[in-house]
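The structure is given below, and queries will be raised subsequently.
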Amino acid sequence: MENVSVKTMLRVLHKYGLNSSIMGRLLDLPTSKEYKNYIFRGKIPPKEISKKILRIEADPNYLLYLIKTHKNVLSTDEYISLRENIDRVLGYNESDYA
């Protein structure tokens with residue numbers, strides 16, 4: 001498998017309304033700024049991180065899984081915002097929960 005491209009990393013951030021800090025925490029990177037280093041400094045992410053990024057792009061449910069298992073590294077506002085963005089991507093409305 002090839003390494004993920006910068007374009008794909010940015011597309012994932014935009015698609016789900018993420019920032020690089022949150023993405024770094026969800027991917028268990030050593031620092032929350034590491035994801036930004038992959039994008040802007042040309043660092044090549046390890047294969048395991050590339051796999052996770054590609055899976056997040058292809059499967060919003062995997063991102064749901066990550067935010068549920070990483071609640072302790074997200075603030076309440078970040079968690080709520082992420083859930084709303086993922087629901088938007090999946091096409092859910094608030095009325096679907098009623």
Side-chain angles (χ1 to χ4, degrees):
M1 183 187 134
E2 294 183 28
N3 285 314
V4 68
S5 70
V6 171
K7 187 175 180 180
T8 301
M9 289 189 280
L10 288 170
R11 189 171 44 239
V12 168
L13 291 178
H14 179 72
K15 180 178 182 179
Y16 297 109
L18 296 165
N19 66 41
S20 58
S21 174
I22 293 172
M23 192 66 162
R25 286 181 272 156
L26 291 176
L27 295 174
D28 297 320
L29 298 176
T31 67
S32 60
K33 293 182 181 183
E34 194 70 21
Y35 194 81
K36 189 183 283 187
N37 289 338
Y38 293 147
I39 295 172
F40 298 113
R41 302 239 162 111
K43 286 182 72 179
I44 298 172
K47 299 246 187 255
E48 63 194 38
I49 300 301
S50 293
K51 282 183 188 178
K52 285 183 179 181
I53 294 168
L54 292 172
R55 187 167 175 198
I56 289 170
E57 181 184 30
D59 183 12
N61 290 316
Y62 182 63
L63 183 57
L64 277 175
Y65 165 77
L66 286 177
I67 66 170
K68 286 179 182 177
T69 58
H70 289 75
K71 276 186 181 178
N72 59 336
V73 298
L74 298 172
S75 72
T76 303
D77 291 339
E78 289 171 334
Y79 180 80
I80 291 169
S81 176
L82 277 173
R83 285 301 310 252
E84 289 173 351
N85 290 337
I86 293 169
D87 288 348
R88 179 184 41 80
V89 169
L90 291 172
Y92 296 143
N93 297 318
E94 283 187 39
S95 60
D96 294 340
Y97 298 111

task = Applying side-chain hydrogen bond (donor to acceptor under 3.5 Å, both in side chains), name anything that partners Ser21, two or more places apart in sequence or on another chain.
result =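 By the side-chain hydrogen bond (donor to acceptor under 3.5 Å, both in side chains) rule, Ser21 matches Arg25.
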request  = Look at atom OH of Tyr62 and say whether more than 12 heavy atoms of other residues, nucleotides or ligands are closer to it than 6.0 Å.
outcome  =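 Counting other residues, nucleotides and ligands, OH of Tyr62 exceeds 12 neighbours.
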task = Answer yes or no: is there a donor N or O on one side and an acceptor on the other, between the side chain of Ser81 and the main chain of Asp77, under 3.5 Å?
result =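 No: the side chain of Ser81 does not pair with the backbone of Asp77.
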query = Can you list the residues that meet the side-chain hydrogen bond (donor to acceptor under 3.5 Å, both in side chains) rule with Asp28, with sequence neighbours excluded?
reply =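 side-chain hydrogen bond (donor to acceptor under 3.5 Å, both in side chains) list for Asp28, sorted by chain: His70.
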query = Mind checking what makes side-chain contact (heavy atoms from CB on, under 4.5 Å) contact with Thr76, not counting sequence neighbours?
reply =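 Only Ile80 meet the side-chain contact (heavy atoms from CB on, under 4.5 Å) criterion with Thr76.
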request  = Sequence neighbours left out, what passes side-chain contact (heavy atoms from CB on, under 4.5 Å) with Ser5? Give chain and number order.
outcome  =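 With neighbours one apart ignored, the set is Lys7, Thr8.
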Interatomic spacing from CG in Leu54 to CD1 in Ile49 - rounded to 0.5 Å =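 Answer rounded to 0.5 Å: 11.5 Å.
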ask   = CG of Leu64 to CD1 of Ile86: how many Å apart, nearest 0.5 Å?
value =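 Here the rounded value is 4.0 Å.
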request  = Not counting sequence neighbours, which residues clear side-chain hydrogen bond (donor to acceptor under 3.5 Å, both in side chains) with Lys43? List them please.
outcome  =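 Applying side-chain hydrogen bond (donor to acceptor under 3.5 Å, both in side chains) to Lys43 gives Glu34.
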task = Quick one: closest heavy-atom pair of Val4 and Pro45, and the distance?
result =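 Smallest heavy-atom distance, with atoms named: CG1-CG, 3.7 Å.
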ask   = Which heavy atom in Val89 sits nearest to a heavy atom in Pro60, and how many Å separate them?
value =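 Distance-wise, the nearest heavy atoms are CG1-CG, 4.2 Å.
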message = With a sphere of 6.0 Å drawn around NZ of Lys36, does it hold more than 12 non-hydrogen atoms of other residues, nucleotides or ligands?
response =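 Check fails, neighbour count at 12 or below.
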query = With a 4.5 Å limit on heavy-atom distance, are the side chains of Leu74 and Leu26 in contact?
reply =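 In contact.
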inquiry  = Between Tyr16 and Ile56 (side chain of the first, backbone of the second, donor and acceptor by atom type, cut-off under 3.5 Å), is there such a pair?
reply    =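 Judged by distance alone, yes, a pair lies under 3.5 Å.
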query = For the atom pair CG (Leu18) and CD (Glu78), what is the distance rounded to the nearest 0.5 Å?
reply =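 With rounding to 0.5 Å, CG (Leu18) is 10.0 Å from CD (Glu78).
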ask   = Distance from Ile22 atom CD1 to Leu13 atom CG, nearest 0.5 Å?
value =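 The CD1 atom of Ile22 sits 9.5 Å away from the CG atom of Leu13.
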key: Separation between CD1 of Ile39 and CG of Leu10, rounded to the nearest 0.5 Å   =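 Between Ile39 CD1 and Leu10 CG, I get 4.5 Å after rounding to 0.5 Å.
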request  = Indicate yes or no for a side-chain donor-acceptor contact from Tyr35 to the backbone of Met9 under 3.5 Å, with no hydrogens or angles considered.
outcome  =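 Such a contact is found between Tyr35 side chain and Met9 backbone.
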ask   = With sequence neighbours left out, which residue pairs that include part of residues 54-72 fulfil the salt bridge (Lys or Arg N to Asp or Glu O under 4.0 Å) condition?
value =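 Only Arg11-Glu57 qualify under salt bridge (Lys or Arg N to Asp or Glu O under 4.0 Å).
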